[in-house]
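A quick write-up on the structure given underneath.
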Amino acid sequence: MRHIISVLMENEPGALSRVVGLFSQRNFNIESLTVAPTEDETLSRLTVTTIGDDRVVEQITKQLNKLIDVVKVVDLTEGDHLERELMMIKMKANNGTVRAEIKRTADIFRGTIIDVTPNTFTVQLVGSSSKLDAFIEALGTSNIMEVVRSGVSGIARGEKILAL
Amino acid sequence: MELLSGAEMVVRALRDEGVKYIYGYPGGALLHVYDAIFTQDDVEHILVRHEQAATHMADAYARATGKAGVALVTSGPGATNAVTGIATAYMDSIPMVVITGQVMSHLIGEDAFQETDMIGISRPVVKHSFSVQSPEEIPSIIKKAFHIAESGRPGPVVVDIPKDMTTPTERYEYEYPKSVKMRSYNPILKGHTGQIKKAVDMLLAAKRPVIYTGGGVIMGEASEQLTELAQELGYPVTNTLMGLGGYPGTDKQFIGMLGMHGSYEANMAMHHSDLILAVGARFDDRVTNGTDKFCPTAKIVHVDIDPASISKTIKADVPIVGPAQAVLKEMLEQVQSSKKEPCADSLKAWWEQIDEWRARHGGRYKTDDTELMKPQHVIEMLSKVTNGDAYVCSDVGQHQMFAAQYYKFNKPNRWINSGGLGTMGFGLPAAMGVKLNFPEEEVVCVTGEGSIQMNIQELSTISQYDIPVKVICLNNQSLGMVRQWQDMNYESRHSQSYMKSLPDFMALVESYGHVGIKVERYEDLEGAMREAFAMKDRMVFMDIAVDPFEHVYPMQVPRGSMRDMWLSKTERT
């Protein structure tokens with residue numbers, strides 16, 4: 001099963017490599033990974049999506065908690081949560097039909113065209129990973145020139161927070 | 001406040017931490033630190049002949065005392081040579097602080113001379129590591145390093161210090177912190193009372209209980225609490241390889257080591273038990289054998305300071321996270337205050353069953369199939385000659401298993417071996433590290449002619465510092481454990497498992513100024529061993545010729561259950 005694990009950790013040099021190293025060392029899988037400092041610049045928030053059975057995911061959270069730089073760990077998929085991923089997708093758009101089709105599909109998915117040239121469109125889309133997958137599928141791969149995805153960020157719904 | 005250079009701070013911080021010996025090897029990146037060592041007398045430096053030995057010495061000191069040992073190695077090859085020793089300590093959860101030199105900060109990343117990314121290389125085998133970014137951080141980093149190494153589930157910590165952090169002319173205010181506070185690291189200090197209650201209820205209701213304990217009882221200083229609890233309950237106790245000495249080896253409730261080369265009775269008792277109380281043990285593959293067939297009728301109570309050890313390989317029915325000592329103490333209190341008692345009839349029947357198993361195998365080995373000396377016999381003799389009271393530091397292989405099976409450890413911290421990583425070459429430097437710190441105690445290295453050659457250069461360090469350890473080399477002229485597996489699984493095709501051109505160990509040790517004793521016959525063994533131990537202030541190397549065809553038994557059948565064992569070359573359960 002897919003899990004979104006959020007990690008609050010010291011914003012120290014080497015902290016990220018300990019997390020990534022742990023995954024490869026213990027043969028855990030990483031689907032996506034995002035990391036950036038929080039409003040408190042001494043802390044970083046890392047989100048990792050992984051696939052594994054309950055035993056594996058339990059090990060992942062326990063092993064992450066063991067890292068000295070890690071302050072808190074939560075498996076967001078255990079409760080109600082929101083997940084978002086940002087994608088920028090550059091497509092061939094060199095005739096009117098294609099341009100109209102891309103524009104229409106982007107509108108349906110509530111995407112934004114953020115760059116236009118005579119031959120290309122770049123669309124920005126925000127949503128769950130499956131929504132981004134669906135967008136790619138809807139457009140077909142033949143016109144796609146480049147895809148860049150941010151990886152998943154997640155947050156719990158309601159009053160539940162991951163903080164110090 | 002006193003002004004010190006970074007180099008002086010390193011040494012002063014070690015002194016303030018109460019460190020008496022550091023084990024190391026100098027080099028370019030550490031020259032400032034070595035100069036600071038030269039100008040003081042509080043911390044004594046032991047110069048090894050290879051950095052791996054420095055880490056094993058520090059590690060063995062920690063295993064014998066529970067306090068972190070300290071190794072000091074230079075950048076590049078010094079650091080990489082230390083990696084095996086760090087991994088050895090990591091696998092057995094041994095507290096250690098390893099200070100590594102690093103090239104000047106401005107050269108890092110430029111492939112400078114003797115540069116290596118030690119933080120990166122050591123990352124998978126350390127509990128934590130620090131890279132010093134400014135000299136003022138040195139006291140607090142060293143304090144944190146010791147705190148992290150020794151608390152919670154112990155482990156090795158690397159402190160990487162670029163040379164320019166130790167410049168003698170740059171001085172800073174020095175103050176060694178009295179305590180450490182880290183928001184991201186707060187080891188648990190006691191177990192959950194409700195969980196302990198649940199465990200105690202199950203313990204008292206059990207009909208076929210086994211107490212299975214590991215290195216956590218040794219490093220957690222909980223052997224007294226374990227012994228009290230086990231004797232209060234009257235339940236059988238088995239120890240892992242790392243846990244030997246946690247419960248008195250000669251007590252009738254002790255049923256021996258368990259696992260791949262565990263005793264017949266311990267493995268049978270585990271398989272048939274209805275309740276396993278596991279304390280400070282991690283259900284590793286050398287204990288459980290096939291996990292799908294592991295102890296089918298047993299409920300499992302698992303006490304460990306590391307939550308990640310619980311339900312990692314075997315699901316625990318009652319997990320208890322906490323230090324072994326505190327949890328066992330609370331368990332004992334609850335058992336004593338409980339209105340319930342263990343069922344006497346069930347326990348009597350259980351012990352009758354265990355005694356029947358004991359009688360069936362009981363650590364017997366064949367003596368009539370050869371004229372040659374049996375390695376088991378040598379260990380039994382060692383146990384007799386040293387009254388089961390020596391620090392036994394082992395290398396890795398058949399001799400290690402024989403030592404674990406036939407030396408009767410009545411005290412904790414006296415069996416010192418590389419259990420998790422299985423590091424050949426560990427034994428001799430380990431014995432040196434213990435002897436240096438316990439000069440009045442008997443310290444023995446049990447080894448083989450294979451393992452001993454992996455750190456034999458340390459005979460020179462022994463000469464330099466007069467460290468009179470005794471080496472018992474079970475010489476079977478082959479890599480015995482490899483050979484045993486080849487006998488059992490590869491139709492005796494002994495690929496690379498025999499040692500041609502062994503040195504004349506007598507001449508070799510004598511060239512370093514030590515005493516060599518060669519023993520080839522049973523009748524000479526006891527006399528020779530007593531003679532060796534009578535030489536209190538000499539290092540004695542006993543080269544003992546043993547049967548090269550001997551195997552270690554029992555041996556679990558791969559991927560079987562705990563009870564599936566070979567009991568001899570011809571007999572299977």
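All of these numbers come straight from a predicted model, not from anything done at the bench. Numbers restart at 1 for each chain; the letters A, B, ... are given by sequence-line order, proteins then strands.
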Problem - Heavy atoms of other groups near B/Leu189 CG, more than 12 under 6.0 Å - result: no
Exercise for the section: For chain A, find which of B/Pro307, B/Gly152, B/Gly120 contributes the most heavy-atom pairs closer than 4.5 angstrom. Expected result: B/Pro307
Handout entry: Neighbour count >12 (heavy atoms, 6.0 Å) for atom CD1, A/Ile113
Key = yes
Problem - Proximal component of B/Ile310, with respect to chain A [non-hydrogen, under 4.5 Å] - result: both
Can you list every donor-acceptor pair under 3.5 Å that links chain A to chain B?
residue	atom	partner	partner atom	Å
A/Glu10	OE1	B/Arg183	NE	3.4
A/Glu10	OE1	B/Arg183	NH2	2.7
A/Glu10	OE2	B/Arg183	NE	2.8
A/Arg18	NH1	B/Ser129	OG	3.0
A/Arg18	NH2	B/Ser129	O	3.0
A/Arg18	NH2	B/Ser129	OG	3.3
A/Gln25	NE2	B/Pro124	O	3.1
A/Thr42	O	B/Arg183	NH2	3.4
A/Thr42	OG1	B/Arg183	NH2	2.9
A/Arg55	NH1	B/Lys312	O	2.5
A/Gln59	NE2	B/Ala308	O	2.7
A/Lys62	NZ	B/Pro307	O	2.9
A/Lys62	NZ	B/Ile310	O	2.8
A/Lys66	NZ	B/Asp306	OD2	2.7
A/Ile68	O	B/Ser184	OG	2.6

Practice task
Can you establish whether the number of heavy atoms outside A/Arg110 located under 6.0 Å from its atom CZ is more than 12?
Solution key: no
Handout entry: chain B contact via A/Leu8 - side chain, backbone, both or neither, heavy atoms under 4.5 Å
Key = neither
